[in-house]
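Structure first, then comments.
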Protein chains: 2
Amino acid sequence: MKTSTEPDKTQCNAYIHAMEDALYVIGGKWKLRIIIALREGNKRFNEIQRAVSGISAKVLSAELKSLESNGLVTRNVLVDEFPVIVEYVLDDYSASLNGVLESLIDWGVGHRKKLADENQPK
Amino acid sequence: MKTSTEPDKTQCNAYIHAMEDALYVIGGKWKLRIIIALREGNKRFNEIQRAVSGISAKVLSAELKSLESNGLVTRNVLVDEFPVIVEYVLDDYSASLNGVLESLIDWGVGHRKKLADENQPK
DNA sequence: CGGCATCCTTCGCGATACTG
DNA sequence: CAGTATCGCGAAGGATGCCG
């Protein structure tokens, strides 16, 4: 607690800072899309690449490592011989993102609806 | 509605697509920070720049225009003579983002807490 | 005061090819 | 199948200066 005369400024910075923390982990073009793809079930590397259209193997590889290091995704090696088989699984911790995902998806749907209504006012 | 055998895949794509719509409008490094800054009250250009630390005038200008064109922010010219004075105001529509903002901020706070706990397990 | 112009850097991302 | 290596583009962003 503080007795300063500018509590708002402090609050605002705290909010912005929390947002930065969040975006550092789940920001960027791909991370949330990958998580959404994995929500419909565990997937192999190439399956994710197909589900998240447009992502390259290099980027997908990097994103998965990042998600793994943040405890959101787990990498399971199913077969460790030549045609290696790997499966990616959402970690329990990823459930903590449900609120974020749902509100973002909802807002996206609503915003698209709003744009459509503005173009077809009737 | 469809009778396909792969409703999940369709659902997943719809979710990802809605997310893309949302991120197109509020994604990127700065937009949500600017909105948070404006939530504590209307601000002038330079005030926003001070509140959102690190943003340059050029980028702030571009971001404000983008937010304006999406109906999230309104630009009010208070004085139109030489030392021009402009005020930026959150539009009513921006309230629709409250859920997104709160869940992101919450998650950021929680995630930081989680990291702290992992480093100080005792 | 608000904000555009210019120049420059950074790096996220993409395409293609290749390997265990 | 699951990635890595290489190359390189292009957009986003930073620094500085100027102008109404």
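Per chain, numbering begins at 1; letters A, B, ... match sequence-line order.
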Strictly under 3.5 Å: I want the nitrogen or oxygen pairs between protein and nucleotides 13-20 of chain C, one per line.
residue : atom : partner : partner atom : Å
C:dC13  : OP1  : A:Lys29 : N            : 3.2
C:dC13  : N4   : A:Lys58 : NZ           : 3.1
C:dG14  : OP1  : A:Lys29 : NZ           : 3.2
C:dG14  : OP2  : A:Trp30 : NE1          : 3.4
C:dG14  : O6   : A:Lys58 : NZ           : 2.1

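B:Ile34 has its CD1 atom 14 Å from the P atom of D:dA12, to the nearest Å. Spacing between atom NZ of A:Lys43 and atom P of D:dA2 amounts to 13 Å, rounded to whole angstrom units. The CD atom of A:Glu47 sits 10 Å away from the P atom of D:dC1 (whole-angstrom rounding). Rounded to a whole Å, the CG atom of A:Leu60 is 15 Å from the P atom of D:dC1. Rounded to an integer number of Å, the gap from A:Asp80 CG to D:dA2 C1' is 11 Å. Between B:Lys65 atom NZ and D:dA12 atom P the separation is 15 Å, expressed in whole Å. Computed from coordinates, the B:Gln49 CD to C:dG2 P distance equals 10 Å when rounded to whole Å. In this structure, B:Lys31 atom NZ and D:dA12 atom C1' are separated by 10 Å, rounded to whole Å.
Between B:Glu102 and B:Arg39 there is a salt bridge, with a side-chain nitrogen of the basic residue lying less than 4.0 Å from a carboxylate oxygen of the acidic one.
Between the A:Asn42 side chain and the A:Leu38 main chain, no donor and acceptor come within less than 3.5 Å of each other. Listed for the A:Gln49 side chain is no donor-acceptor partner under 3.5 Å among the backbone atoms of A:Asn46. Not one N or O on the side chain of B:Glu68 forms a donor-acceptor pair closer than 3.5 Å with the backbone of B:Lys65.
For the OP1/OP2 pair of C:dC1 and a distance below 4.0 Å, the side-chain nitrogens and oxygens of B:Asn46 include no atom meeting the criterion. Taking 4.0 angstrom as the limit, A:Tyr88 places none of its side-chain polar atoms (N or O) nearer than this to OP1 or OP2 of D:dC1. For C:dG2, neither phosphate oxygen OP1 nor OP2 lies less than 4.0 angstrom from any side-chain nitrogen or oxygen of B:Arg75. When the side-chain nitrogen and oxygen atoms of B:Arg44 are compared with OP1 and OP2 of C:dC1, none of them lie within a distance under 4.0 Å.
Judged as a salt bridge (charged side-chain N to carboxylate O under 4.0 Å, His left out), and not counting sequence neighbours, B:Glu81 has no contacts.
When the shell of 6.0 Å around OH of A:Tyr15 is examined, it contains 12 or fewer heavy atoms from other residues, nucleotides or ligands.
Centroid-to-centroid, the aromatic rings of A:His111 and B:Tyr24 stay 6.0 Å apart or farther.
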